[in-house]
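Written below as structure tokens is the structure these notes are about.
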Amino acid sequence: MKKTLFDKIWDSHVVESIPDGPDILYIDKHLIHEVTSPQAFNELKERDISVFRPNQIVATADHNTPTENQHLPVKDLLSRKQLKELTQNCEDNNITLYGLGHPYNGIVHVMAPELGITQPGMTMVCGDSHTSTHGAFGTIAFGIGTSQVSQVFASQCLLVEKPKKLRVNVNGKLKKGVLPKDVILYIISKLGTNSGTGYFCEYAGNVFEEMSMEGRMTVCNMSIEMGARGGLIAPDETTFEYVKDKEFAPKGQEFEAMKAYWETLKTDEDAAFDQEYSFDAEDIEPMITYGTNPGMGIKITGSIPMEGGKSDAKALAYMGFKPGETLLEKPINWIFIGSCTNSRIEDFRAAAAYIKGKQKAENVNALIVPGSRQVAAQIEAEGLREVFENAGFTLRQPGCSACLAMNDDKIPAGEYCVSTSNRNFEGRQGQGSRTILASPLTAAATAVSGKLTDFTKNLN
Amino acid sequence: MEKFITLTDTAVPLEIENVDTDQIIPARFLKATDKSGFGKNLFRDWRFDKNDEPNPEFALNKPEYKGAILVAGDNFGCGSSREHAAWAIKAYGFKVVVSSYFADIFKGNALNNGLLPVQVSPEFLEILFTEITKDPSVEIKVDLEAQKIEIPKKNISESFDIDTYKKTCLINGFDDIDFLVSKLDAIKEFENKKAQKLQTTKSL
């Protein structure tokens, strides 16, 4: 039978199929962080069960960590307690932790790929919905709840029903100024926030084939925002080049042998999908969101639809926008470049290339938060720090930061923030904050002009 | 896990679509390291205003609406995987959430906590909203065994789907950890085979 990339990986990880029920799916790599793991460790303790395969688990601290003075004790007592508990739990269970200050520390979906922990053909889970990011490597990766975190602790397996298969094709040539973030925001704006529910989504077409790994991660990251449990892209030379030489990747002869296997994973020709959509790259322009879910997106030069969904009026009231309105020239006081969606080196290069020699507008607070210590080091090494600082941007230490505002990095109530993160939900970036999702380039251009503009005119 | 078999109660209507888990429980309340205390912060920023005063317009604050059934708009529970959302709903006192669509992760989290997600047709959801707002004392019966949700007084009902395995778990109060731990031998055997296969791949 013809198989998809997804089938091939899934089927090779099924321990057992329960008749009329879910599959027992084996998990190769389990990533954990401070926020969704403590209750899972407690669950195990209460049942007197030990962690089954500690060497297949990697931990990092990212969600509630401060992005300033990381060498000092964490000021927020609850955060500090949560981080302390993570450290203790990892120690007690022999789990590798790249905690605050460790050279490998960073946002879980940034640090694992850059260390070669993420590899093609794997099954990976994490108590975080953006685990879909790792699908960029041709990996089945999805977010799980805390009960499931304890299940994986106990058995290295999960009970899951095999999802249906969806393929999204984008072919053609992307316009100038259109980044991977615009591609995925465009797809979600067309398909809606629940079109992917029950599915795993494969992204195919020359647009994804030509994308860097960073770009593919941005795309797969937001699969969950259309409801899909995960997204994935067939591994190819770009993937292999990225994985090669990474700290925990196979080396030499072993790498070549694994590569030969990874090459067999791509979807067979004529393999069947339950649902398929196709888009033209030429139709995509820099995108922004205007509402309170990631599906409420328009091109930056567009206007807010007159007729929306049932709850759109509530969303527009929250955002302070009106149907039919264009957002061009809308003053913006905050921009945030960071989060597991857009905090990799390529994102900062794109922003820096635009910013270089320019100044942020006076009204703007511009926050730059790298995804990991390694990205931060790269920013330094490539001289991007000077570019950002000379332009008046604030460069912070790595973490999830203002994407979900669990730490002090919050956008004030009522303020607009053009943000490279993944969710524009009410209050996501701080109580009362208003998020406009966009690419790093759009965020950079907004910081310079102090308002939303059609910056594509300024591109060389 | 607490068993769920059947429930007859009044309901609270939450006529909002795409309710995301950030609304159910905002991120700033995720710093706890145990499962208790999330109920008081359920829908925190909708239930309370800036001065922490209850918002009288919000369904949960309306005295006429009570009961252990939450009836919500389409695509309930989208967004973050935080299980704290299911804990918060359960801790507040709800035992069933009804919607015309649930986000995957939320649905799984709810089932793992004995909170029953009942997916109904958009038409039936409309009927529920209409009947509840017309008469907040109207009772709704959810029968997991028969996979049926009904408004007995009106003699209107609809059947709902649920995974057979999950249904058995809920009715008996079993959870996935018990089951998976009972499968450890099969899992170890799978690991051995996988390691052998990997060895073959690597030596090619």
Side-chain angles (χ1 to χ4, degrees), chain A residues 15-16 18 20-22 24 26 35-36 38-39 42-43 47 49 52 63-64 76 78-79 81-82 85 127-129 143-148 150-151 154-157 159 161 193-194 197-198 227 229 250 254 257-258 260-261 293 309-311 314 404-406 413 423 425-428 431-432, chain B residues 15-23 26-28 30-35 45-46 50 73-75 78-87 101-106 108-109 112-113 163-166 168 175-181 183-184 186-187 189-191 194 197-198 201-204:
Chain A
V15 175
E16 214 176 285
I18 298 162
D20 205 11
I24 302 178
Y26 191 78
V35 175
T36 58
Q39 292 89 348
N42 290 345
E43 187 78 48
R47 293 174 191 237
I49 300 173
F52 182 54
H63 276 65
N64 72 24
D76 180 319
L78 287 173
S79 298
K81 181 168 181 280
Q82 212 171 36
E85 220 161 291
D128 186 283
S129 60
I144 56 177
T146 296
S147 294
Q148 291 175 305
S150 46
Q151 290 158 27
S155 68
Q156 204 55 36
C157 285
L159 284 163
E161 247 180 283
T193 50
N194 63 8
T197 307
R229 200 66 185 270
E254 207 172 284
M258 286 309 290
Y261 162 66
N293 71 58
K310 225 174 158 187
S311 297
K314 183 181 188 305
L404 83 167
M406 270 193 84
R423 291 189 173 133
F425 297 153
E426 285 183 31
R428 171 84 177 180
Q431 272 179 283
Chain B
E15 272 186 271
I16 305 172
E17 292 185 335
N18 302 314
V19 173
D20 59 76
T21 51
D22 272 83
Q23 307 318 314
R28 63 183 187 278
L30 306 187
K31 292 176 184 174
T33 53
D34 58 25
K35 293 183 187 177
D45 295 338
W46 284 349
K50 277 179 278 188
D74 196 56
N75 197 27
C78 58
S80 153
S81 64
R82 61 188 70 162
E83 194 159 315
H84 313 66
W87 300 334
Y101 214 88
F102 290 96
D104 279 338
I105 307 181
F106 175 80
N109 287 342
N112 281 333
N113 286 280
D163 179 276
T164 313
Y165 164 79
K166 274 293 169 196
T168 314
D175 67 27
D176 289 357
I177 297 189
D178 302 329
F179 184 83
L180 285 166
V181 169
K183 290 283 181 184
L184 281 185
I187 295 167
E189 199 187 307
F190 176 87
E191 283 180 324
K194 196 165 177 282
K197 229 166 112 186
L198 187 68
T201 306
K202 282 180 179 172
S203 58
L204 283 177

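Quick note on labels: first sequence line is chain A, next is B, and so on, each numbered from 1.
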Query - Salt-bridge criterion met for B/Lys35 and A/Glu43 (N-O under 4.0 Å) - result: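 Salt bridge flag = yes for A/Glu43 with B/Lys35.
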Requested in this report: Could you check which of A/Thr193, A/Asn42, A/Thr146 has the highest count of heavy-atom pairs closer than 4.5 Å to chain B?
Outcome: A/Thr146
Requested in this report: Under 4.5 Å, counting heavy-atom pairs only, tell me which of A/Ala413, A/Ser129, A/Ala260, A/Pro38 racks up the most with chain B.
Outcome: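 Among the listed options, the one with the most contacts to chain B is A/Ser129.
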Tell me, do [X] and [Y] make a side-chain contact under 4.5 Å, heavy atoms counted?
X        : Y        : value
B/Phe190 : A/Ile24  : no
B/Leu30  : A/Gln82  : no
A/Arg47  : B/Val181 : no
A/Ser155 : B/Leu184 : yes
A/Arg428 : B/Asp20  : no
B/Asn113 : A/Ser147 : yes
A/Val15  : B/Glu189 : no
A/Ser311 : B/Asn18  : no

Checking heavy atoms, do the side chain of [X], its backbone, both or neither come under 4.5 Å from chain A?
X        : result
B/Phe179 : side chain
B/Asp74  : side chain
B/Lys194 : side chain

Is a donor from one side chain sitting under 3.5 angstrom from an acceptor on the other, for [X] and [Y]?
X        : Y        : result
A/Glu161 : B/Tyr165 : no
A/Gln39  : B/Trp87  : no
B/Asp45  : A/Gln431 : yes

Rounded to the nearest 0.5 Å, how far apart are [atom1] of [X] and [atom2] of [Y]?
X        : Y        : atom1 : atom2 : result
B/Arg28  : A/Leu404 : CZ    : CG    : 12.0 Å
A/Glu85  : B/Thr33  : CD    : OG1   : 4.0 Å
A/Glu16  : B/Ile187 : CD    : CD1   : 8.5 Å
A/Arg423 : B/Thr21  : CZ    : OG1   : 6.0 Å
A/Asn194 : B/Glu17  : CG    : CD    : 9.0 Å
A/Leu159 : B/Ile177 : CG    : CD1   : 10.5 Å

Relative to chain B, which segment of [X] carries a heavy atom at a distance below 4.5 Å: side chain, backbone, both, or neither?
X        : answer
A/Ile144 : backbone
A/Ile18  : side chain
A/Asn293 : side chain

Among [options], which residue forms the greatest number of heavy-atom pairs with chain A at distances under 4.5 Å?
options                             : value
B/Cys78, B/Ala27, B/Ala103, B/Gly79 : B/Gly79
B/Leu198, B/Asp22, B/Asn109         : B/Asp22
B/Arg82, B/Glu15, B/Lys183          : B/Lys183

Requested in this report: Check whether any side-chain N or O of A/Lys81 sits under 3.5 Å from a backbone N or O of B/Lys31 as a donor-acceptor pair, and report yes or no.
Outcome: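 No, A/Lys81 side chain to B/Lys31 backbone: no donor-acceptor pair under 3.5 Å.
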